[in-house]
Amino acid sequence: MEMAFSNSYRMGGIFLFFIFLLSPLDIRATNANIPSTLDGPFEPETVPYDASLRGNAVDIPDTDPLVRRRVTGFEPEQLSVSLSFNHDSIWITWITGEFQIGDNIKPLDPKTVASFVRYGTSRTNLNHEATGHSLVYDQLYPFEGLQNYTSGIIHHVRLTGLEPNNKYYYQCGDPSIPAMSDVYYFRTLPASGPQSYPKRIAIVGDLGLTYNTTCTINHMSSNEPDLVLLVGDVTYANLYLTNGTGSDCYSCSFSKTPIHETYQPRWDYWGRFMQNLVSKVPIMVVEGNHEIEAQAGNQTFVAYSSRFAFPSEESGSLSSFYYSFNAGGIHFIMLGAYISYDKSGHQYKWLEKDLANVDRSVTPWLVATWHPPWYSSYSSHYREAECMRVEMEALLYSYGVDIVFNGHVHAYERSNRVFNYTLDPCGPVHITIGDGGNLEKMSITHADEPGNCPEPSSTPDPYMGGFCATNFTSGPAAGKFCWDRQPDYSAFRESSFGHGILEVKNETWALWTWHRNQDSNNKVGDQIYIVRQPDKCPFHGMPQPKPLLASS
């Protein structure tokens, strides 16, 4: 190990002195002790678990005013904003009409309510108009005793021709009924460029809809993000029976039903709860395992694919499960872990093309996101996504991905720069941020602790494909399935609910801050400058790493 974590604080001041002199932007480092990745790799650090934080994760009931329907008739509700591929385009999404749940339900007709948006740069002069499309989706269980669901009418309208860094006001609905919303606003992101970045990007995962979630969202909102990235597991509606009864034990509750049930109104409750934030701050979502929601006819991910607008077509994707977009000088790649990621599949071929089209002189930062982490040292979901890593890691490395964000594990962990389980100064920093506050509570045990290493045959997710995780064949964990100490790739880990904020300062420096729910705004749980070194890490062609895993 090159340098201990404690020494990084002393060195951090030296690096920050130079970055203040050399940076074309004002890097507002108020604390010269913030380390940077230039100081690493760091000695692994674990913050002991605080048992007083566990408590009970209590779901918000449907009687709470936070989730009750506050409109009438076909007035719009559950408003949200999401990005298109570039700054000049935005999606507006909302729902009209009430959902229906029961044995005999008749879907609403989307053709009966228009998808219409008025917008402009003045609240009193909404002089632009746009129309879009609408849909209704069903969640069907043709089995005795299970209730079916049909949604309200979901509208998606794309606004185009927008100016960067500009505040726009909008009103959506159907003016002919009339049923129009109040006037809301959003701010477009900066145009792509090496000196052009959103001020703050919030990263959160595994949210659910508990009173822990409300703490996370309130804390995150107080940090005034320009963009929200949700790295999977949205509502946890699939932890409910179709009659709305919650479950603390998924396998216990669903073991005797012909199909795993899911209570779709939780999606509506979540949309109402989140509206105050995401009606003005764009939210970008990637699917998690709790969005699978299998139903009759082998349909999956129906709510996820219906309720959010994705820049799939704009980014050349054929699917809502993977897409890309630009946020100033950052190119984000959102990948699907629960569909094919094989080299011969559509997603992999799309990823190759998308990466090849990235111009690092325009978008220097390359950030990738998917739900289950490749580098996590917690017992839960340990090495579960190994097949995906084996297929895709070399491709992402070859194009110099800077940061990877994941969820799934309900804790926080930040890696050293790593590639193929080996410390690598040119590898990405992997950050697990699956600590949004869901009903399933925190992950608190580590695979390297005595008695906590999972049985290898139990590690694959049934939705993740084949079995790829075997014993390590080289390195400090050679001959073992788990490390017997905190792995070298794990720089910092802690079990606590929270969210993260990414502040890209210029084309080479970005500040990452993890905020814990129990802390005030002026205290942080983890903070580091992530520094790109394009001069030292040129990427030409696919690397050929020495295998670290057994092939059988």
Side-chain angles (χ1 to χ4, degrees), residues 49-70 78 99 101 147 149 202 204-222 228 230-254 260-278 283 285 288-291 293 303 307 378 380-381 407-412 432-445 494-500 514-521 525:
Y49 171 63
D50 182 354
S52 67
L53 297 177
R54 187 57 177 253
N56 292 315
V58 179
D59 261 341
I60 299 176
D62 59 9
T63 55
D64 193 297
L66 291 171
V67 301
R68 298 302 296 164
R69 191 170 189 257
R70 296 184 291 273
Q78 303 181 50
F99 67 80
I101 188 166
Q147 298 187 79
Y149 170 93
V204 66
D206 301 70
L207 266 178
L209 191 57
T210 71
Y211 289 108
N212 289 323
T213 310
T214 65
C215 183
T216 300
I217 296 301
N218 289 340
H219 199 175
M220 185 174 71
S221 298
S222 70
V228 176
L230 175 50
V231 296
D233 282 2
V234 180
T235 69
Y236 290 78
N238 68 335
L239 292 188
Y240 277 80
L241 302 172
T242 60
N243 64 6
T245 304
S247 169
D248 284 327
C249 175
Y250 186 86
S251 60
C252 302
S253 293
F254 298 102
H260 283 175
E261 303 178 46
T262 178
Y263 186 61
Q264 288 299 291
R266 297 298 298 182
W267 281 96
D268 296 283
Y269 304 158
W270 190 89
R272 293 165 187 163
F273 167 72
M274 292 291 290
Q275 177 179 299
N276 187 54
L277 174 64
V278 300
I283 183 170
V285 183
N289 56 298
H290 283 275
E291 280 71 76
E293 295 187 311
R307 289 178 178 269
Y378 284 83
S380 58
H381 308 298
H408 204 39
V409 176
H410 301 160
Y412 174 75
T432 299
I433 187 93
D435 55 350
N438 64 80
L439 183 62
E440 292 183 322
K441 304 177 183 178
M442 283 181 258
S443 299
I444 59 174
T445 61
E494 181 177 356
S495 298
S496 182
F497 289 129
H499 73 282
W514 175 54
H515 294 273
R516 306 183 308 176
N517 282 0
Q518 66 267 31
D519 295 332
S520 60
N521 285 346

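Being a predicted model, the structure only gives us computed values, none of them experimental.
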Q: Measure the OG1-CE distance between Thr235 and Met274 for me, rounded to the nearest 0.5 Å.
A: 11.5 Å
Q: Indicate yes or no for a side-chain donor-acceptor contact from Gln147 to the backbone of Thr242 under 3.5 Å, with no hydrogens or angles considered.
A: yes
(Q) How long is the straight-line distance from OH of Tyr378 back to OG1 of Thr445, given to the nearest 0.5 Å? (A) 9.5 Å
Q) Closest approach of Gly525 and Asp519, non-hydrogen atoms and distance? A) N-OD2, 4.4 Å
Q. Does Thr262 reach the main-chain N or O of Ala237 with its side chain, forming a donor-acceptor pair under 3.5 Å?
A. yes
Q | Arg272 vs Arg69 side-chain heavy atoms within contact, under 4.5 Å | A | yes
Q) Any chance the side chains of Asp268 and Gln78 put a donor and an acceptor closer than 3.5 Å? A) yes
Q) CZ/Arg266 to CG/Asn238 distance, rounded to the nearest 0.5 angstrom? A) 11.5 Å
Q. Which value, rounded to the nearest 0.5 Å, describes the distance between His499 atom NE2 and Ser221 atom OG?
A. 8.5 Å
**Q.** Asp62 versus Tyr263, side-chain donor and acceptor atoms under 3.5 Å
**A.** no
Q. Can you list the steps and then say if Asn438 with His410 is a side chain to side chain contact (heavy atoms under 4.5 Å, CB included)?
A. CA-CA 8 Å; Asn438 64 80; His410 301 160; 3.3 Å; yes
Q: Show your reasoning for whether side chain to side chain contact (heavy atoms under 4.5 Å, CB included) applies to Ile283 and Leu277.
A: CA-CA 9 Å; Ile283 183 170; Leu277 174 64; over 6 Å; no
**Q.** No-hydrogen, no-angle side-chain donor-acceptor test under 3.5 Å, Thr213 and Thr210
**A.** yes
Q.
With rounding to the nearest 0.5 angstrom, report the OG to CG distance, Ser496 to Asp50.
A. 8.0 Å
Q. Is it true that atom CG of Asn276 has more than 12 heavy atoms of other residues, nucleotides or ligands lying nearer than 6.0 Å?
A. no
Q | Residue pair Ser380 / Ser443: nearest heavy atoms and the distance that separates them | A | OG-OG, 2.9 Å
Q. Is any side-chain heavy atom of Tyr240 closer than 4.5 Å to a side-chain heavy atom of Asp59?
A. yes
Q.
Could you check whether any side-chain heavy atom of Glu293 comes within less than 4.5 Å of a side-chain heavy atom of Trp267, counting everything from C-beta outward?
A. yes
Q: Keeping the roles fixed (side chain from Asp233, backbone from Asn289), state whether a donor-acceptor pair exists under 3.5 Å.
A: yes
Q. Quick one: does Asn517's side chain get under 4.5 Å of Thr216's, heavy atoms only?
A. yes
Q: Provide the closest heavy-atom pair for Gly436 versus Phe497 in the form atom of the first, atom of the second, distance.
A: C-CD2, 4.3 Å
Q) Is there side-chain contact between Phe273 and Thr214, with heavy atoms separated by less than 4.5 Å? A) yes
Q) Tell me, do Tyr269 and Ile60 make a side-chain contact under 4.5 Å, heavy atoms counted? A) no
(Q) Do Asp435 and Asp206 make a side-chain contact, defined as non-hydrogen atoms from C-beta onward lying under 4.5 Å apart? (A) no
Q. Taking only residues two or more places apart in sequence, or in another chain, which ones meet Phe99 in a ring pair (Phe, Tyr, Trp, His ring centres under 6.0 Å)?
A. Tyr149
Q: Look at the rings of Tyr236 and His290 and say which category their plane angle falls in: under 30° parallel, 30 to 60° tilted, over 60° perpendicular.
A: tilted
Q: Quick one: do Leu239 and Glu440 satisfy side chain to side chain contact (heavy atoms under 4.5 Å, CB included)? Show the steps, please.
A: CA-CA 9 Å; Leu239 292 188; Glu440 292 183 322; 3.8 Å; yes
(Q) As an exercise, state the distance from CZ of Arg307 to CD of Gln264, rounded to the nearest 0.5 Å. (A) 6.5 Å
Q) Below 4.5 Å, heavy atoms only, C-beta onward: do Asn218 and Ser222 meet side chain to side chain? A) no
Q | Residues forming a ring pair (Phe, Tyr, Trp, His ring centres under 6.0 Å) with His381, sequence neighbours excluded | A | His408
